[in-house]
Amino acid sequence: MTGREAARAMGFAETRISAVESARAGVSAERVRHLAGQYACDDAALVDALAAMAVGGWAGLVGGMSRTGALRLSGPRRT
């Protein structure tokens, strides 16, 4: 799924999806679960862990981490 497709599915601007993916913008647990469904992620443990991070404040969780470290939390890096 492209960023444009994900943005459309969520009702976001494409720039918002990019900001969420790179931990520059927060996202609610509900939206994490919705995004996981859009990306066809069926790993319940991973989705639960990501939703729990959102509840605790995504931006606070990754604050002070390197950009690479923040990306690793959301899955493998695309090349």
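Throughout, residue positions are numbered sequentially from 1 according to the sequence presented.
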**Student:** So, for Val32 and Ala54, which heavy atoms are closest and what is the spacing to 0.1 Å?
**Tutor:**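 Val32 and Ala54 have their closest heavy atoms at CG2-CB, 3.8 Å.
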**Student:** I need the Glu30 CD to His34 NE2 distance, nearest 0.5 Å.
**Tutor:**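 If I round to the nearest 0.5 Å, the distance is 9.0 Å.
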**Student:** On a heavy-atom basis, which atom in Val47 and which in Cys41 lie closest, and how many Å separate them?
**Tutor:** CG2-SG, 3.8 Å
**Student:** First locate atom CG of Asp48, then atom CZ of Arg33, and finally report the distance between them rounded to the nearest 0.5 Å.
**Tutor:** 4.5 Å
**Student:** Got a second to check how far Glu5's CD is from Glu14's CD, nearest 0.5 Å?
**Tutor:**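 If we round to the nearest 0.5 Å, Glu5:CD and Glu14:CD are 10.0 Å apart.
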**Student:** Return yes if a side-chain donor-acceptor contact under 3.5 Å exists between Ser22 and Arg24, otherwise no.
**Tutor:**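 Yes, a side-chain donor-acceptor pair sits under 3.5 Å.
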